[in-house]
Amino acid sequence: MEELSLAAIAAMTTRDVLRAHPGLGAAGAEDLAHRIETALRTAVRQERRSCVAECEHRRTLWAGTEDRSSTPPALRSEARFRGNEAAVLADVLRSRGPA
């Protein structure tokens with residue numbers, strides 16, 4: 001699956017709007033594309049932050065399971081694995097940088 005940039009999605013959406021509203025003009029089209037791209041970047045950034053927070057929450061839950069003395073050894077090992085996995089996913093999402 002080809003990944004489209006947010007700028008490309010904004011440009012495609014702007015072209016669609018221009019077909020429906022041809023009187024917008026070049027300056028209006030440029031402004032619209034910028035506004036759409038900004039909205040998309042904001043939505044992506046917020047979703048990424050939400051995913052990082054969920055990963056961190058799950059890491060905390062698994063760490064609690066691992067640290068509990070009543071946790072069986074097999075589950076403790078699984079909790080460590082899943083906690084580490086959640087931490088790695090959070091790091092990957094953070095490293096993707098701004099949208």
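Excluded from the calculations below are hydrogen atoms, water molecules and symmetry mates; all remaining heavy atoms, backbone and side chain alike, are included.
- With rounding to the nearest 0.5 Å, the separation of CG in L6 from CZ in R45 is 9.5 Å.
- Separation of atoms CG (L93) and CD (E56) is listed at 10.0 Å; rounding is to 0.5 Å.
- Counting non-hydrogen atoms of other residues, nucleotides and ligands closer than 6.0 Å to CD of E30 gives a total of 12 or fewer.
- Between A87 and R59, the shortest heavy-atom distance links the atoms CB-CD, 4.1 Å.
- Applying the side-chain contact (heavy atoms from CB on, under 4.5 Å) test to T71 and every residue at least two apart in sequence or in another chain returns T65, R68, L75, R76.
- Of all the heavy atoms in A10 and A33, the pair that sits closest is CB-O, 3.5 Å.
- Note: the hydrophobic cluster containing V88 does not contain F81 (ILVMFWY, side chain heavy atoms under 4.5 Å, direct or indirect links).
- Judged as a side-chain contact (heavy atoms from CB on, under 4.5 Å), and not counting sequence neighbours, the contacts of L24 are L18, L32.
- Across all their heavy atoms, C55 and L89 have their closest contact at SG-CB, 3.8 Å.
- Among H34, R41, R35, the one residue that satisfies the side-chain hydrogen bond (donor to acceptor under 3.5 Å, both in side chains) test with E37 is R41.
- S50 contributes no side-chain N or O that, together with a main-chain N or O of Q46, makes up a donor-acceptor pair within less than 3.5 Å.
- Of the inter-residue distances, the one linking R48 atom CZ with R96 atom CZ reads 5.5 Å to the nearest 0.5 angstrom.
- Atom CZ of R58 and atom CD of E85 lie 10.5 Å apart (nearest 0.5 Å).
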